[in-house]
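Inspection log for the structure reproduced underneath, given as structure tokens.
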Amino acid sequence: MVTRIGPSPTGFIHLGNLYNALIGERLARQSQGVFFLRIEDTDAKREVPGAVEIILDALGFFGVVFDEGATIQGDKGAYGPYRQRLRKEIYQTVAKKLVEQGLAYPCFATEEELATMRQKQIEQKLNFGYYGVWATYRNTNLEEIERRLQQGQSYVLRFRSQGNPEHSVKVLDGIRGELELQENYQDFVLLKSDGIPTYHFAHVVDDHFMRTTHVVRGEEWLATAPMHVQVFDALGWNRPIYCHSAQLMKMDGEIKRKLSKRKDPELALAYYQQEGYVPAAIWEYLLTVLNSNFEEWRLANPKANIMDFPFSLEKMSTSGALFDLLKLNDISKEVILNMSAQEIYTQLLLWAKNYDPSFAALLESDAGYAQRIIDVGRQGERPRKDLICWRQARDFLSFYYDETFTIEDSLPANITDALRKEIITKYLATLDYNDTQEQWFAKVKTICQDLGFALQAKKYQKNPQDYPGSIVDLSNTIRMALSGRLNSPDLWQISMILGKDRCIRRLKQFAENGDNFASTPA
RNA sequence: GGCGCGUUGGAGAAGUGGCUUAACUCACCAGCCUUUCACGCUGGCAUUCAUGGGUUCGAAUCCCGUACGCGUCACCA
């Protein structure tokens, strides 16, 4: 199979592009075929400088590899050029052939004329468009055409459709099966007045000459597919197999709608780069949406490479799926759990260098320490799954560094200032860094009893008036001192990692200042 | 308005005529585990497959109508 993606250089590339890229990529790889990148830059108005770099950068970040196509250094592959504007002559040659066959003709209608026509059609409740009696230039004779050309009148080249709206055309779709669509009867534009083709024409010409076998695109193209097959047929070319994918949707208040470039900036691929999502997690999530049997496969093959999953068009859904960030997060946790501390460190550092240089500096100042804090609680039978993406990881790990350590939460009301000081004083008195975790916790329990705290949280919950607090309050006081929060990984483990001096400093500091602790200790 | 695609729980979905008293995953809820939070475990969460008819001994699965959602109807892709 030969597949491709054809993004437009608008400076914006989003999840939907990646979604279709993934389909094309899998299809090509699994069949030992070819997957290429074509830049669809036929609309100069929407083009943004540097947009091709943005596309390449984002796709590269997600590990999408092309066999052929546009690259920063220029085109790669024997079927180029892979940028449509560079293919102008090719389109014009084909267009000329269509004109010779009487299947295309110049149209001199101005924008105003077309607007007026549309207005009339609305008033008369007719179908919109350029067809039938409305196709005013369809039968212009040669002399007239020549006269207008000589006057330098601007024109577009239109397809002379032989279609009938009463008829239907069968289109083979790799995802949806055989579709019966209304035949195209519109004389749509092939070449715009600047001689550049519209998508409709460029798609047909390019995918023919670039020997594309499967055209993977969003379902918004379903409605225009009859136009495309008409041109393929007119030219006597083989039609590709269309694969119209269901679109990723989003809830916008009460309504469900497709992802939109303008309204959903958070769905730009750049968003995932900024948040620091692991590319593999995005692929994995997309695959769960694309092929619902993927999750089952993943469960059966937890360590297998994603590329070994047998992707199939038949398993694809035909209705649009809502994008679910919660599920992505869940998958991300799992993916990061399966990475080594070394790998996490490398990717986290790379992210931080781009998005948080000061954090990057901290990570780099002691790579061994960084990897140890990353690995806290990740061993054993029930490893922690704390990390979702690098931005969140940065916040999660911040307390391990004095430079970013802050008191974020507050102690419950039953732990008064006096109690806090007493707890920490007693704790400091017994603290011994040579203890094992068991010895350490036994001491904590002793303090608990000394202070009359409940050893079991439940007892305290049932009869709060009988105790000043429970062991939970006691541990959390220490936890607050060390991590600045009420929630953290195992206390003794973080104590070991933070080291004796730093812990004692933070404990004293917290005993003294409590929640008012504002900045880092010296 | 025309044309087209779609409609199984809060989300993604499995299921294509009897094995379905509708898998599985996420979310949510309850409980267990537990020094916190996570993790993990157990259980709960659609008597019903948008809706009305029809075909059939039997339908989420086949047919027709209706409703709703989405897409499209540019010299944008």
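As the structure is a computational prediction, the values presented were derived from the model and not from experiment. Sequence lines set the chain letters: A, B, ... in the order given, protein chains first and strands last, and positions in each chain run from 1.
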One thing to verify: whether A:Glu295 and A:Lys327 come together as a salt bridge, which I'm taking to mean a side-chain N less than 4.0 angstrom from a carboxylate O. yes
Nearest to the side chain of A:Glu220 - B:A77, B:A38, B:C75? B:A77
Checking all strands, does A:Ser292 fall into the base, sugar-phosphate, or nothing category for heavy-atom contacts under 4.0 angstrom? sugar-phosphate
Name the pairing partner of B:G15, where a pair is Watson-Crick or G-U wobble with both distances under 3.5 Å, or state none. B:U8
Please measure how far the P atom in B:C49 lies from the corresponding atom in B:U8, and state the result in whole Å. 12 Å
Can you tell which of B:C5, B:C76, B:C75 lies closest to the side chain of A:Val189? B:C75
Within 45 degrees of the axis of the six-membered ring of A:Phe405 and under 6.0 Å from its centre: does A:Arg506 put its NZ or CZ there? yes
Contact class for A:Glu219 vs. all strands (heavy atom < 4.0 Å): base, sugar-phosphate, or nothing? sugar-phosphate
Roughly how far apart, to the nearest Å, are B:G15 and B:U21 at atom C1'? 16 Å
Per atom distances to the A:Arg382 side chain, the nearest of B:C76, B:C39, B:G71 is B:C39
Of A:Phe441 and A:Lys315, the one whose closest RNA chain B nucleotide lies more 5': A:Lys315
In whole Å, measure the gap between the P atoms of B:A14 and B:U42 for me. 25 Å
B:U48 and B:A23: how far apart are their C1' atoms, nearest whole angstrom? 15 Å
Within 45° of the ring axis of A:Phe232 and under 6.0 Å from its six-membered ring centre, is that where the NZ or CZ of A:Arg239 lies? no
Could you work out the separation of B:U36 and B:A11 based on their P atoms and round it to a whole Å? 34 Å
